[in-house]
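In what follows, a single structure is set out as structure tokens and then discussed.
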Amino acid sequence: MDTTSTSHFLSSNRLTIKGIIVAGLILIMLIPTLFIMNLVSERADRQETVAKEVSAKWATEQTFTGPMLVIPYRESIQSEDGKTTVYKKYAYFLPDQLKINGVLEPEIRHRSIYNIVVYRANMQIEGYFSPIQTEGLQIAKEDLQMHEAFVCIGLNDFRGIEDQLSLSWNDSSHIFNAGMPDDHIIKNGLHTPVALNDNDLAKSNTFKLQLHLRGSENLSFTPVGKTTDVHFTSAWTNPSFDGSFLPVTTPQITEKGFSAEWKVQHLNRNYPQCWKDGNYNIADSRFGITLLQPVDSYSKTMRSVKYAILFIALTFGLYFFLEILQKRTVHPIQYVLVGLALSIFYTLLLSISEYIRFNIAYSIAAAATVALITLYTKSIFHKWKIAILFGVMLTTLYTFIFILLQLQDGALLFGSIGLFIVLAVVMYYSRKINWYI
């Protein structure tokens with residue numbers, strides 16, 4: 001192809017060629033957004049690391065299990081050669097009724113630029129064990145080691161125990177000790193001996209204890225009672241109720257805090273009220289409360305970065321249309337500079353939102369970006385009318401994305417309708433452009 005033919009081809013297809021260049025620049029400008037997404041993830045990981053450091057010094061999330069009555073017993077096994085061996089085994093008994101009433105007192109701990117949620121839980125735990133029936137377990141009464149019986153409770157992190165913990169068992173008081181004589185069911189726990197006699201087996205045994213506990217973010221309970229009733233109140237206004245069971249009624253959540261109540265029956269779980277030598281995973285039935293942070297700026301920033309392709313494509317597209325309509329050439333380097341300005345918005349948003357509320361940070365970053373690109377557009381096209389029009393378009397787009405970030409379930413519907421309207425507007429204003437010049 002000679003020089004004349006080449007020049008004619010480039011001249012007659014200059015819009016197509018420029019469109020391909022602009023499309024390529026859009027794809028290239030997505031590279032900085034990948035680095036920004038990695039930066040957001042890195043900062044979020046840093047926050048999680050700081051939270052773990054604070055929790056390690058305060059106390060981690062807590063799961064309360066129990067109380068559980070454990071009675072050792074003897075089991076004789078005769079071998080083929082006639083030799084008899086006596087083994088020490090354990091029988092487990094769960095309370096007929098378990099009531100937990102508590103108050104959750106949240107606290108915000110500051111570390112560097114991060115806020116970490118911790119709590120103090122003040123719990124009143126009471127209930128009773130029904131008369132011990134061993135016939136169903138096929139244990140002879142004379143094989144029971146009642147003088148070695150003990151009551152145990154499970155906790156994730158002993159550092160959270162604030163006061164000496166004692167158990168009121170019937171009319172006597174017993175001090176808990178760390179560790180478990182038998183850890184088949186409860187791995188981390190406390191126990192206290194409660195020597196039993198024949199009268200104790202034939203009657204109901206009541207218990208009561210006060211637990212002042214520290215923890216971080218989550219507090220859970222295992223429903224070991226035949227009927228388990230849990231009631232909690234707190235001044236925290238942003239709770240999440242998770243685990244195997246939800247509150248029996250709609251939790252009362254107000255500006256002053258929340259109140260929630262659970263009621264779990266033994267038929268709702270997959271382990272019995274008493275057994276021997278079993279190894280049930282009772283932790284699977286736990287439920288509880290998570291203290292959520294009111295605003296997670298990192299998740300919102302990450303969501304906003306995912307819309308970067310929309311910002312860059314629409315901005316470059318509008319520049320391309322203005323270039324055609326105003327008959328003024330915009331250099332690819334100028335496209336790149338505008339794209340970098342759009343990318344800097346996310347780093348501004350990320351850095352500012354670590355110090356102030358996300359919504360305010362978003363407004364500051366968006367205003368700075370709109371002002372910068374509006375002034376730069378004025379310098380390219382030399383018309384305030386075009387620059388202001390461009391600034392209004394960017395402001396509308398940032399407002400649209402901000403609304404999407406506030407929505408949860410309706411984000412997809414609202415976003416789809418918005419994108420459809422944008423495409424319709426672009427198609428409308430591009431219908432009279434002669435793409436063959």
Side-chain angles (χ1 to χ4, degrees), residues 44-68 98 100-126 151-167 174-180 183 185-192 208-224 228 230-245 257-260 262 281-294 296:
D45 291 341
R46 171 60 181 162
Q47 183 189 42
E48 185 176 346
T49 300
V50 171
K52 289 180 179 179
E53 291 175 357
V54 172
S55 297
K57 294 176 174 59
W58 176 264
T60 59
E61 62 180 31
Q62 298 281 15
T63 297
F64 176 80
T65 302
M68 178 186 299
L98 173 62
I100 301 176
N101 287 293
V103 177
L104 202 61
E105 300 174 354
E107 296 183 20
I108 300 294
R109 296 284 163 152
H110 304 282
R111 178 76 177 271
S112 182
I113 61 174
Y114 303 104
N115 296 325
I116 312 301
V117 183
V118 298
Y119 62 80
R120 281 185 167 92
N122 300 316
M123 294 186 284
Q124 171 77 35
I125 303 158
E126 58 184 9
V151 171
C152 59
I153 61 174
L155 287 175
N156 285 10
D157 194 339
F158 298 161
R159 292 170 301 177
I161 301 174
E162 294 196 304
D163 300 318
Q164 179 65 265
L165 189 57
S166 63
L167 173 73
H174 304 265
I175 301 298
F176 277 100
N177 300 305
M180 296 290 296
D183 62 356
I185 306 300
I186 298 177
K187 302 300 181 184
N188 294 329
L190 312 172
H191 80 283
T192 181
K208 182 183 295 185
L209 63 104
Q210 289 274 357
L211 177 59
H212 301 285
L213 188 66
R214 296 198 310 261
S216 301
E217 294 189 355
N218 179 269
L219 174 63
S220 296
F221 312 92
T222 305
V224 297
T228 301
V230 177
H231 181 266
F232 253 83
T233 60
S234 175
W236 192 254
T237 58
N238 197 33
S240 172
F241 305 103
D242 45 27
S244 298
F245 303 97
F258 73 85
S259 174
W262 293 261
N281 188 6
I282 62 176
D284 286 345
S285 63
R286 68 187 182 94
F287 60 90
I289 308 160
T290 298
L291 303 182
L292 298 177
Q293 291 277 22
D296 187 352

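Throughout, numbering of the chain's residues begins at 1 and tracks the sequence.
With sequence neighbours excluded, no residue forms a salt bridge (Lys or Arg N to Asp or Glu O under 4.0 Å) with Lys57. Scanning for side chain to side chain contact (heavy atoms under 4.5 Å, CB included) contacts around Lys52 gives Glu48, with sequence neighbours left out. Remark: Asp242 pairs with Thr290 by the side-chain hydrogen bond (donor to acceptor under 3.5 Å, both in side chains) rule, at least two apart or across chains. Every residue was checked against the side-chain hydrogen bond (donor to acceptor under 3.5 Å, both in side chains) condition with Thr49, not counting sequence neighbours, and none meets it. With sequence neighbours excluded, the residues forming a side chain to side chain contact (heavy atoms under 4.5 Å, CB included) with Arg159 are Ala56, Thr60, Asp157, listed by chain and number. Judged as a side chain to side chain contact (heavy atoms under 4.5 Å, CB included), and not counting sequence neighbours, the contacts of Ala283 are Asn281. Remark: Ser234 pairs with Leu104, Pro106, Trp236, Phe258 by the side chain to side chain contact (heavy atoms under 4.5 Å, CB included) rule, at least two apart or across chains. By the side-chain hydrogen bond (donor to acceptor under 3.5 Å, both in side chains) test, Thr228 is found to be paired with no residue, residues two or more places apart in sequence or in another chain being considered. When the salt bridge (Lys or Arg N to Asp or Glu O under 4.0 Å) test is applied to Arg120, the partners found at least two apart in sequence or on another chain are Glu107, Glu162. Qualifying ring pair (Phe, Tyr, Trp, His ring centres under 6.0 Å) partners for Phe64, counting only residues two or more places apart in sequence or in other chains: none. With sequence neighbours excluded, the residues forming a side-chain hydrogen bond (donor to acceptor under 3.5 Å, both in side chains) with Ser220 are Asn218, Arg286, listed by chain and number.
Checked by atom type and distance alone, the side chain of Ser216 never pairs as donor or acceptor with a backbone atom of Val118 at under 3.5 Å. Checking side-chain atoms of Ser244 against main-chain N and O of Asp284 turns up a donor-acceptor pair under 3.5 Å.
Between Trp262 and Phe221, the ring planes are tilted. Angles from 30° to 60° get that label.
Distance check: Thr192 OG1 to Ile175 CD1 gives 7.0 Å after rounding to the nearest 0.5 Å. A distance of 4.0 Å separates CD in Gln124 from CD in Gln210, rounded to the nearest 0.5 Å. Rounding to the nearest 0.5 Å gives a distance of 9.0 Å between OG1 of Thr233 and CG of Asn101. Distance check: Glu61 CD to Glu217 CD gives 7.5 Å after rounding to the nearest 0.5 Å. In this structure, the separation between CD1 on Ile282 and OG1 on Thr65 is 5.5 Å, given to the nearest 0.5 Å.
Phe241 and Ala260 get closest at one heavy-atom pair: CE2-CB, 3.6 Å. In terms of heavy atoms, Ser285 sits closest to Phe245 at O-CE1, 3.4 Å. When all heavy atoms of Cys152 and Ile186 are compared, the closest pair comes out as SG-CD1, 3.9 Å. Of all heavy-atom pairs spanning Phe158 and Asn188, the tightest one is CZ-C, 4.0 Å. Taking each heavy atom of Leu98 and Gly66 in turn, the nearest pair found is CD2-O, 3.6 Å. Taking every heavy atom of both residues into account, Leu209 and Ser166 meet most closely at CB-O, 3.5 Å.
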Apply side chain to side chain contact (heavy atoms under 4.5 Å, CB included) to residues Thr222 and Thr63 and explain how you reach the verdict. CA-CA 7 Å; Thr222 305; Thr63 297; 3.9 Å; yes

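At least one side-chain heavy atom of Phe232 sits under 4.5 Å from a side-chain heavy atom of Leu219. For the pair Ile116/Ile108, no side-chain contact is recorded, criterion being any heavy-atom separation below 4.5 Å from C-beta on. Contact of the Val151 side chain with the His174 side chain is not registered, since no non-hydrogen atoms from C-beta on lie closer than 4.5 Å. Residues Leu213 and Leu155 form a side-chain contact, since some pair of their non-hydrogen atoms from C-beta on lies under 4.5 Å apart. Counting only heavy atoms from C-beta outward, the side chains of Ile153 and Leu167 never approach each other to under 4.5 Å.
Between the side chains of Asn122 and Glu105, a donor-acceptor pair is found at a separation under 3.5 Å.
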